[in-house]
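Worksheet: the structure to be examined is printed underneath.
Since this is a predicted model, take the numbers as computed values, not measurements. Hydrogens, waters and symmetry mates play no part in the numbers below; they use all other heavy atoms, side chains included.
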Amino acid sequence: MFLRNGWYVAAWDHEVTRQHMLRRTLLSEPVVFYRTEDGRPVALEDRCCHRHAPLSRGRLVGNAVECPYHGFNL
């Protein structure tokens, strides 16, 4: 059992890069991490809102993640 309203370590700063999105499972939920063009870290649920495709298999377009299934930018 996990406390949902708390802080958990997800990754070290050097693990979250712009070149490769990082997939982790936190509190039994898939999460994808990446950095924006100006270096800020981003964490998103690792699934497309339409078909639940893993966003970590997509690519970065600007500061958005492109879904590997649809091509939607999220």
Quick one: list whatever passes ring-ring contact (aromatic ring centres under 6.0 Å, His included) with H70, sequence neighbours left out. H50, F72
Smallest heavy-atom separation, Y34 atom then A64 atom, equals OH-CA, 4.3 Å
Determine the minimum heavy-atom distance between C67 and A53, stating which atoms define it. SG-CB, 4.1 Å
Holding to side-chain hydrogen bond (donor to acceptor under 3.5 Å, both in side chains), I want the full list of residues that pass it with H52, two or more places apart in sequence or in another chain. R47
Counterpart residues, side-chain hydrogen bond (donor to acceptor under 3.5 Å, both in side chains), relative to R57 (two or more places apart): none
Check whether L44 and V31 end up in the same hydrophobic cluster, where Ile, Leu, Val, Met, Phe, Trp and Tyr are linked by side-chain heavy atoms less than 4.5 Å apart. no
With the 4.5 Å side-chain cut-off for hydrophobic clustering, are L55 and M21 part of the same group? yes
Quick one: list whatever passes side chain to side chain contact (heavy atoms under 4.5 Å, CB included) with [X], sequence neighbours left out.
X	value
Q19	T17
A11	E15, V16, L22, R24
D38	T36, R40
P30	R23, D46

Under 3.5 Å, is there a donor-acceptor pair between the side chain of N63 and the main chain of E37? yes
May I ask you to test the V42-R35 pair for a side-chain heavy-atom distance under 4.5 Å? no
To the nearest 0.5 Å, how far apart are OH in Y8 and CG in L27? 5.5 Å
Remaining members of hydrophobic cluster (4.5 Å side-chain criterion), V9: none
Apart from W12 itself, which Ile, Leu, Val, Met, Phe, Trp or Tyr residues share its cluster (side-chain heavy atoms under 4.5 Å, direct or through members)? none
